[in-house]
Amino acid sequence: MTSERTWRKSSYSGSSTDSACVEVALSADALVRDSKNASGDVLAFSAPAWQSLLSWLD
């Protein structure tokens with residue numbers, strides 16, 4: 001499921017490979033993972049929950 005996704009890091013995370021950040025993959029839902037542990041656990045958000053989170057952060 002997660003290997004088929006296109007993962008994106010924040011532009012604020014820097015270009016260093018050891019940057020501590022999260023990656024997001026968007027499709028019908030939103031998946032979030034730790035960039036340092038790509039094979040680790042993933043948080044899954046429904047599209048409405050993801051939009052709500054983004055609105056709250058804005």
Side-chain angles (χ1 to χ4, degrees):
M1 173 173 91
T2 61
S3 61
E4 302 150 0
R5 301 281 186 121
T6 300
W7 292 91
R8 295 180 175 89
K9 284 200 284 188
S10 168
S11 59
Y12 294 103
S13 65
S15 60
S16 175
T17 57
D18 62 317
S19 294
C21 65
V22 296
E23 297 175 314
V24 176
L26 302 174
S27 186
D29 57 3
L31 301 181
V32 180
R33 71 182 181 186
D34 182 349
S35 63
K36 287 187 174 182
N37 186 10
S39 62
D41 294 334
V42 174
L43 294 174
F45 296 89
S46 67
W50 182 250
Q51 289 299 321
S52 179
L53 175 63
L54 294 181
S55 294
W56 182 78
L57 292 172
D58 190 26

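Note that the structure is a prediction, hence the values are computed from the model and not measured.
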Using the salt bridge (Lys or Arg N to Asp or Glu O under 4.0 Å) definition, which of the options R8, R33, R5 pairs with E23?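 Result for salt bridge (Lys or Arg N to Asp or Glu O under 4.0 Å) with E23: R33.
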Any link between L57 and L31 through a network of hydrophobic side chains (Ile, Leu, Val, Met, Phe, Trp, Tyr) touching at under 4.5 Å?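 No, no single cluster joins them.
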Partners meeting side chain to side chain contact (heavy atoms under 4.5 Å, CB included) with S52 (sequence neighbours left out):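 S52 satisfies side chain to side chain contact (heavy atoms under 4.5 Å, CB included) with no residue once adjacent residues are dropped.
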Partners passing side chain to side chain contact (heavy atoms under 4.5 Å, CB included) against V32 (at least two apart in sequence or in another chain):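 With sequence neighbours excluded, V32 shows a side chain to side chain contact (heavy atoms under 4.5 Å, CB included) to V22, V24, L43, F45, W50, given in chain and number order.
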When rounded to the nearest 0.5 angstrom, what distance separates OG in S35 from NZ in K9?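 The distance works out to 5.0 Å.
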Would you say CG of D41 has more than 12 non-hydrogen atoms from neighbouring residues, nucleotides or ligands within 6.0 angstrom?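 Result for CG/D41: open.
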